[in-house]
Amino acid sequence: MHPHTLEILEFQQVLEQVAAYAQSQVGAAAVRRLLPREALWAAEQLAMVREMRRYLDEGLAFRCGQFEDVTPSLERLRIEGVILDPLVLRSIAHVLGIARLITADLAASQVSLPLLRRAAEDLYSNPRLEQRIVSAIDEHGDLRDGASERLGMLRQRLRDSRRRINDLLREFMEAQRDVVQEPFVTIRNQRYVIPLKASYRRAVGGFVHDQSASRSTLYVEPEIALPLNNAIIEQTLEEETEIRRILRRLTMDVAEVRLQLLRSIGGLALLDSLYARAAWASEHEATEPEFRRDGSCSLRRACHPLLGGGKRDAGVVPLDVELGGATTLLIITGPNTGGKTVVLKTVGLLHAMALAGLPLPAASESSVMALDDLFLDIGDEQSLQQNLSTFSGHCRQLRFILDQATPKTLVLLDELGSGTEPTEGAALAIAVADELRRRGVPTLISTHHNPLKVYAHLQPGVQNASMEFDAETLLPTFRLRLGFAGQSNAIAVAERLGFPASVLERARHELTGLKSPFEEMVESVHRDRAALATEQEALEQQRLAYERRRRDDEARAAALDEERRAWSDKLQREGGEFLKQARRQVEELVHTLREEAAAGRPVRFPEQVFGSLGGTLAEYAAPEPTGPAADEFDATPPVVGDTVELRQGGVRGIVERVDEGGRSLLVQASGRRLRVSIEAAVRRRAPAAPSVAAPPPAEVRQGSQRAAALSRQAREVQPITAPGYSLEVDSSALRAEINLIGQTVEEALANLDQFLDRAILSGLANVRIIHGKGTGALRRATGEFLRRHRQVRAFHAEIDARGGTGATIAELR
């Protein structure tokens, strides 16, 4: 991609923004060197950024930190005899340590990081060499006494010699107080000296090494210090020789792994640049786009990274752009200062970023073109030195673009056809646009020319787009609307900028006679679109409200379900305790009876045990069934087809046959056939329209709840053995739901009556009755019927997420 293109797109400013997130200067420099490349390379870079973000999202640390770029020093090792500075060696040890830590961290991570682990293969760690350097050189670059045994011995001798010469010179100054200027020992020319008064120079023998600026003080090495000073010089030379030997040995060790270290520094630079890109992406809500090779792109909620820091909450209006497929050319119109140029720069910059391996401040479903190159003509191309006008500069750039553009390039043209007479400019703009369309070159064009809007409206493969303008506030909204041609709104912009009212009125008068039918149509479309947008906004608010209610209903349903599970667990615990207590009491009773029998005493049943057990049973027992209400039944004997109800148990069914001279009946009830005596069944009247009846007392409902579960279990496992009838089972299944919608009240109640009979006989605990909402008549009739039914313990409306008041849940006894 041409450097001039990247300069106009301000690509380097984005790199600087990302580089600030690097931990090291080497990583920051690697970010600054990023350039758009082929899509395959960029896709791999973005995949590594994605892995780095996954690694960081797990709360794992990237332990790179700051380190010195020792590449120049490593390159010097090509020269024979080079000895590296101690601080450079220490920096090399630091690089070795960073490589060791990062390699260990990536190896220990449980996150899938195949690309990062492959990149980390370039990192070179050598714990032995690292330790040798660290143990020999401290963080200030000084060699430690333990760097070698000889260095430690030499330094100890030096310390002893320096202590002796200090003691010797202090004794000398104590004896020669009159000639000493100040009582301290100092060093001149690497030799220990004392400050003497210049006037007493001849009173003391020795060598003068320096004098003060005022010449009143001489720095003299007395003759008695000469042997010790010579010894110190010799020992210092021996120390320096040993230091050079140690540094030479360490340098040779480093030289042996020079290539590995160079590769390792490159690997650290890459990993740190990936960290910077990942950290920047997380901070700016950026994503890794998909590359498309069909010449199309789709940017969703894209933001320019240099506007508002690229952050979504910084007031920047996000951008949605679709290009490719049926549309290869997009013509953007709208007012000045409305954001047309920003759109073009955003699209171009985001493509350059993606091809450089940078995440994009856009939604995750965004995609970009796998481009070979990007061409643009944005801004003022005027050049006085080359004697070019603005129009000439644009023409030169357009000629270059037409020579180079292919379907694998993206072209961005700002204010195409401007800078000359409008009619000719529009004609030239249409010709350029049509040539790019004919070649299949993906192109974005911004313009004010109405003929280009008409061209986009009529030409296949070309689409209009407009920058939205709020006619009430006279301000641009910076939203891009696809499929609509925009207006320049020059008069509105001038009014906002404070033009005189008389000038504005004259401009509107002149404009009225200049408007074409197409412009009138555009204005009409804009008005209709504004009305549609208002309606869509209201619908969106309704949808959001519905979503909030749905979430609330689901939360309430979850809470009810949790409460139900808690009560079920409690009932199981209480039932278990009851069974344990009953078993214990029965075992005690049997034991007592056996003792009585073994002793030959008459067997007496301990009434207190039965009393206690009976009380426990009574606590869990279901209430006694009540007889049917007299006004619901007919005293006449039932015949085939009648609905009857058993006097014990309240089971309802249809008479199939009357046998044995009218003394017994065969009743069909929910897939089961019951043989009952004529006295055990009573004929039911047809259900009448429900009337308002008082609900059963709260204490009655509450008293039956504790035995509900045990009662249902008994119905499931115990055969019906009430006197007067026997049971014949039919292998048919029963659904726990009935749909009454579309039936009259009388039909619905008759079907509901039979449905409940079958449900009760089958031992169902809950049933669902669908009656719809409608006028509410069927719902009210169902409610009154359930309230009067003796086998219905309670009922309530379904949750909103499953129908709300359009269905009722009935809990059976």
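Throughout, numbering of the chain's residues begins at 1 and tracks the sequence.
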Legend entry - Heavy-atom side-chain proximity of V95 to Y124 below 4.5 angstrom: no

Inset, instruction - Count the heavy atoms belonging to other residues, nucleotides or ligands that lie under 6.0 Å from CZ of R399, then report whether that count exceeds 12. - result: no

Inset, instruction - Give a yes or no on this: more than 12 heavy atoms of other residues, nucleotides or ligands lie within 6.0 Å of atom CD of E547. - result: yes

Inset, instruction - Taking atom types as modelled, find out whether R37 and Q45 have a side-chain donor-acceptor pair closer than 3.5 angstrom. - result: no

Inset, instruction - Could you check T346, V347, V343 and say which one makes a side chain to side chain contact (heavy atoms under 4.5 Å, CB included) with L299? - result: V347

Inset, instruction - With side-chain contact (heavy atoms from CB on, under 4.5 Å) as the test, would you mind laying out the steps for L35 and L6 before giving the verdict? - result: CA-CA 9 Å; L35 288 172; L6 297 178; 3.9 Å; yes

Legend entry - From T443, V411, V432, residue fulfilling side chain to side chain contact (heavy atoms under 4.5 Å, CB included) relative to I401: V411

Legend entry - Side-chain donor-acceptor pair present, D414, S446, cut-off under 3.5 Å: yes

Inset, instruction - Could you tell me whether the side chain of R90 reaches within less than 4.5 Å of the side chain of V134, counting heavy atoms only? - result: yes

Legend entry - More than 12 heavy atoms from other groups under 6.0 Å of CG on L458: yes

Legend entry - Side-chain donor or acceptor of R439 paired with backbone N/O of L402 under 3.5 Å: yes

Legend entry - Side-chain donor or acceptor of Q459 paired with backbone N/O of R437 under 3.5 Å: no

Inset, instruction - Would you check if L77 and L84 make a side-chain contact, meaning some heavy-atom pair closer than 4.5 Å? - result: yes

Inset, instruction - State, yes or no, whether a side-chain contact exists between F400 and D377 at a heavy-atom distance under 4.5 Å. - result: no

Inset, instruction - Please confirm whether the backbone N or O of K345 pairs with a side-chain atom of H304, one donor and one acceptor, at under 3.5 Å? - result: no

Legend entry - M48 side chain reached by R118 side chain, heavy atoms, under 4.5 Å: no

Legend entry - Electrostatic pair E365:R300 at N-O distance under 4.0 angstrom: no

Inset, instruction - Could you tell me whether the side chain of K453 reaches within less than 4.5 Å of the side chain of I331, counting heavy atoms only? - result: no

Inset, instruction - Return yes if some donor-acceptor pair links the side-chain N/O of T287 with the main-chain N/O of A362 below 3.5 Å, else return no. - result: yes

Legend entry - Salt bridge flag under 4.0 Å for residues D57 and R54: no

Inset, instruction - Give a yes or no on whether the backbone of L115 and the side-chain of E51 come within a donor-acceptor separation of less than 3.5 Å. - result: yes

Legend entry - pair S109-R117: side-chain heavy atoms closer than 4.5 Å: yes

Legend entry - R438 and E435 ion-paired at < 4.0 Å: yes

Inset, instruction - Please work out whether the ring planes of H4 and H2 are parallel, tilted or perpendicular, with thresholds of 30° and 60°. - result: perpendicular

Inset, instruction - Could you tell me whether a side-chain N or O of D320 sits under 3.5 Å from a main-chain N or O of R301, the two making a donor and an acceptor? - result: yes

Legend entry - Check: L15 and V18 side chains under 4.5 Å, non-hydrogen atoms: no

Inset, instruction - Answer yes or no: is there a donor N or O on one side and an acceptor on the other, between the side chain of S367 and the main chain of E290, under 3.5 Å? - result: no

Legend entry - Short side-chain to backbone donor-acceptor contact, D272 and Q23, under 3.5 Å: yes

Inset, instruction - May I ask you to decide if P361's main-chain N or O and E285's side chain share a donor-acceptor pair within less than 3.5 Å? - result: no

Legend entry - Heavy atoms from other residues, nucleotides or ligands near CZ of R128 exceed 12 (cutoff 6.0 Å): no

Inset, instruction - State the CG-OG distance between L87 and S73, to the nearest 0.5 angstrom. - result: 10.5 Å

Legend entry - R277 side chain to G357 backbone, donor-acceptor under 3.5 Å: yes

Inset, instruction - May I ask you to decide if the ring planes of Y21 and H284 are parallel, tilted or perpendicular, using 30° and 60° as cut-offs? - result: perpendicular

